[in-house]
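Naming: A, B, ... by sequence-line order, numbering from 1 per chain.
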2 protein chains.
Amino acid sequence: MKVSKKKVAENRDALVQAAGRLFRERGIDGVGIAEICQQAGLTHGALYAQFPSKEALAAEALAGGLIRSHARMTAPIEGREPTLTDSLDYYLSSQHRDNLGGGCAMAASASEIARQGKAVSAPFTDGFAKQVGVIERTLSGSATDRREQALTIVAAMIGGIAAARATAKANPALSDDILVAVRRVLGELGAAAKPAATRGPR
Amino acid sequence: MKVSKKKVAENRDALVQAAGRLFRERGIDGVGIAEICQQAGLTHGALYAQFPSKEALAAEALAGGLIRSHARMTAPIEGREPTLTDSLDYYLSSQHRDNLGGGCAMAASASEIARQGKAVSAPFTDGFAKQVGVIERTLSGSATDRREQALTIVAAMIGGIAAARATAKANPALSDDILVAVRRVLGELGAAAKPAATRGPR
DNA sequence: TGTACATCAGTGAACGCGCGTTCACTGATGTAC
DNA sequence: TGTACATCAGTGAACGCGCGTTCACTGATGTAC
């Protein structure tokens, strides 16, 4: 049966949402078309009316997860611009660590994206660059220093949450230590770049 | 035909080596039993004389890759102990970025390991903790500071190489920038912890 | 040391299974008049 | 506005395929005498 244009858009969105969550939780190869469509309230054949292949869905689903994650990190907190500390506290929290499906697609799929084609890696690269820009703006110092620090901070955020997730099952205490340590050391790194007045531990 | 004990050990080793390289290159789900056995010079049925399942092979293969990578980072350079700068230069090089199969299993499979069972995640956790210990010994300052800095440095190394790999296809210049930036900022972080005499840029 | 035989790593055909994808069909939607 | 009909998102059975795993068999190795 044909469905209304509104319903078509809703169904497409449901597919992208379900795919994004499941891909982040279990990897692209770890989830089948059938389960994605089922969670979107459709049968498996419906996917091909919207996407040419699973890979195309993966590209859009992961890109969507990046945009959402980026939006969350740049959203104003109590009316003001988020600081580096705000970003670190959100990103390197045990909640984010334990919420693979709803979290940042860069962290959830970093090592997988390196093996995918350009359709998947291009949005990731854009998302990474944008995130570096956001962190850069919270820093002070020369343009070169700020950029280098921002690149390192974003890399450490991704590595930190990935390492915390990978160690969570076998050594929860170490996993927690990673989150605390990365948050504190990166916070100090950002603070160190600022005038002496704003310096000091978090 | 029965084979000699020596040959059995060689075959087992060949399986672990081939599996490790292929899993790092294309992920556990991205490689089949047939290809692994073929690259080890065996037929696919041979695997089950040595391992109960693909998962058991994956656990041993990834653990082997960690041990090898760890050994490379702790090996003396020109007779002396490797410094933080030595470790960073090796780990965050474009050679390491472009050598997925021969590189560090933590970086190649970080986000995948978080989804695997304990058999795979336990060796990863041990490898991570050991690596933190190695970095810790190159730092100075209070025990707490050293540990927090070492945890952050290892997380940033993993995140840095993972991000460099994920961005390499879509934006090679950004990928190079990540490696240079993380190397320099982490190097300065380590140097900053030392007495003033040894301070300064790399 | 030499001979007879039990062992078992490795072979390769075969297995069931779930995957991604296709396709003839359905029927409510949206359009042409 | 009301009616007739073309459209096409979604259905669900079916497809081929490659996967991980099993198993009867092989034959050189290693052991018992």
Side-chain angles (χ1 to χ4, degrees), chain A residues 1-62 109 112-113 115-117 119-120, chain B residues 1-62 109 112-113 115-117 119-120:
Chain A
M1 56 256 161
K2 186 164 180 177
V3 296
S4 68
K5 284 185 177 176
K6 192 188 157 213
K7 191 66 192 165
V8 169
E10 282 174 15
N11 285 344
R12 187 189 169 92
D13 197 56
L15 279 171
V16 172
Q17 294 296 327
R21 181 165 39 80
L22 290 167
F23 286 158
R24 269 172 258 128
E25 279 172 5
R26 306 214 297 269
I28 297 173
D29 292 336
V31 189
I33 291 299
E35 191 179 357
I36 294 165
C37 292
Q38 188 194 308
Q39 293 223 6
L42 297 165
T43 56
H44 61 277
L47 186 134
Y48 295 90
Q50 305 263 13
F51 298 93
S53 66
K54 187 189 185 185
E55 200 200 353
L57 173 63
E60 187 156 331
L62 287 179
S109 308
E112 227 179 338
I113 286 164
R115 301 181 193 117
Q116 300 292 321
V120 175
Chain B
M1 55 257 159
K2 186 166 181 177
V3 296
S4 69
K5 284 186 179 176
K6 192 187 157 215
K7 191 68 192 163
V8 170
E10 282 174 15
N11 286 344
R12 187 189 168 92
D13 197 56
L15 279 171
V16 172
Q17 294 296 327
R21 182 165 38 80
L22 289 168
F23 286 159
R24 269 172 257 128
E25 279 172 5
R26 307 214 296 270
I28 296 172
D29 292 335
V31 189
I33 292 298
E35 190 179 357
I36 295 165
C37 292
Q38 188 193 309
Q39 293 223 6
L42 298 164
T43 57
H44 61 276
L47 187 135
Y48 295 90
Q50 306 265 12
F51 299 92
S53 67
K54 187 190 183 184
E55 200 200 355
L57 174 63
E60 187 155 331
L62 287 179
S109 308
E112 227 178 337
I113 287 164
R115 302 181 193 118
Q116 301 292 322
V120 174

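- Heavy atoms of B:Gly45 sit under 4.0 angstrom from at least one base atom.
- To the nearest angstrom, P of C:dG30 lies 7 Å from NZ of A:Lys5.
- The one candidate from A:Ile28, A:Asp29, A:Leu22 that meets the side-chain contact (heavy atoms from CB on, under 4.5 Å) condition with A:Arg26 is A:Leu22.
- The distance from the CD atom of A:Gln39 to the CD atom of A:Gln17 is 12.0 Å, given to the nearest 0.5 Å.
- In this structure, A:Leu57 atom CG and C:dT21 atom P are separated by 10 Å, rounded to whole Å.
- Across the protein-nucleic acid pair, B:Ile33 atom CD1 and D:dT22 atom P stand 11 Å apart, rounded to whole Å.
- Separating the NZ atom of A:Lys7 from the P atom of C:dT29 is a distance of 12 Å, rounded to the nearest angstrom.
- Here the CD atom belonging to A:Gln38 is positioned 11.5 Å from the NE2 atom belonging to A:His44, to the nearest 0.5 angstrom.
- Within 6.0 Å of CD on B:Glu10 lie more than 12 heavy atoms contributed by other residues, nucleotides or ligands.
- To the nearest angstrom, P of C:dA9 lies 17 Å from CG of B:Asp13.
- Sorted pairs that involve residues 38-50 of chain B and meet salt bridge (Lys or Arg N to Asp or Glu O under 4.0 Å), not counting sequence neighbours, are lacking altogether.
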Fill in the dot-bracket string of DNA chain C, one character per base: . for unpaired, | for a pair to another strand, ( ) or [ ] for pairs within the strand, taking Watson-Crick or G-U pairs under 3.5 Å.
.||||||||||||||||||||||||||||||||
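- The separation between A:Leu15 atom CG and C:dG20 atom P is 13 Å, rounded to whole Å.
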Go through A:Leu47 and A:Lys54 one step at a time and tell me if the side chain to side chain contact (heavy atoms under 4.5 Å, CB included) criterion holds.
CA-CA 8 Å; A:Leu47 186 134; A:Lys54 187 189 185 185; 5.8 Å; no
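- The interatomic distance linking B:Tyr48 (OH) with C:dC15 (C1') rounds to 13 Å, in whole Å.
- With D:dG10, C:dA14, C:dT11 as the candidates, the nucleotide lying closest to the side chain of A:Asn11 is D:dG10.
- The side chain of B:Ser4 sits closest to D:dG30 out of C:dA13, D:dG30, D:dG10.
- One atom, NZ of B:Lys2, and another, C1' of C:dT7, lie 4 Å apart when rounded to the nearest Å.
- Regarding contacts with the backbone of D:dG20, a side-chain N or O of B:Lys54 is found under 4.0 angstrom from either OP1 or OP2.
- B:Val8 places none of its side-chain heavy atoms less than 4.5 Å from the side chain of B:Arg12.
- Considering only the side chain of A:Val3, D:dA9 comes nearest among D:dT11, C:dT22, D:dA9.
- Mapped onto DNA chain D by nearest heavy atom, B:Lys6 and B:Leu47 fall at different nucleotides, with B:Leu47 at the one closer to the 5' end.
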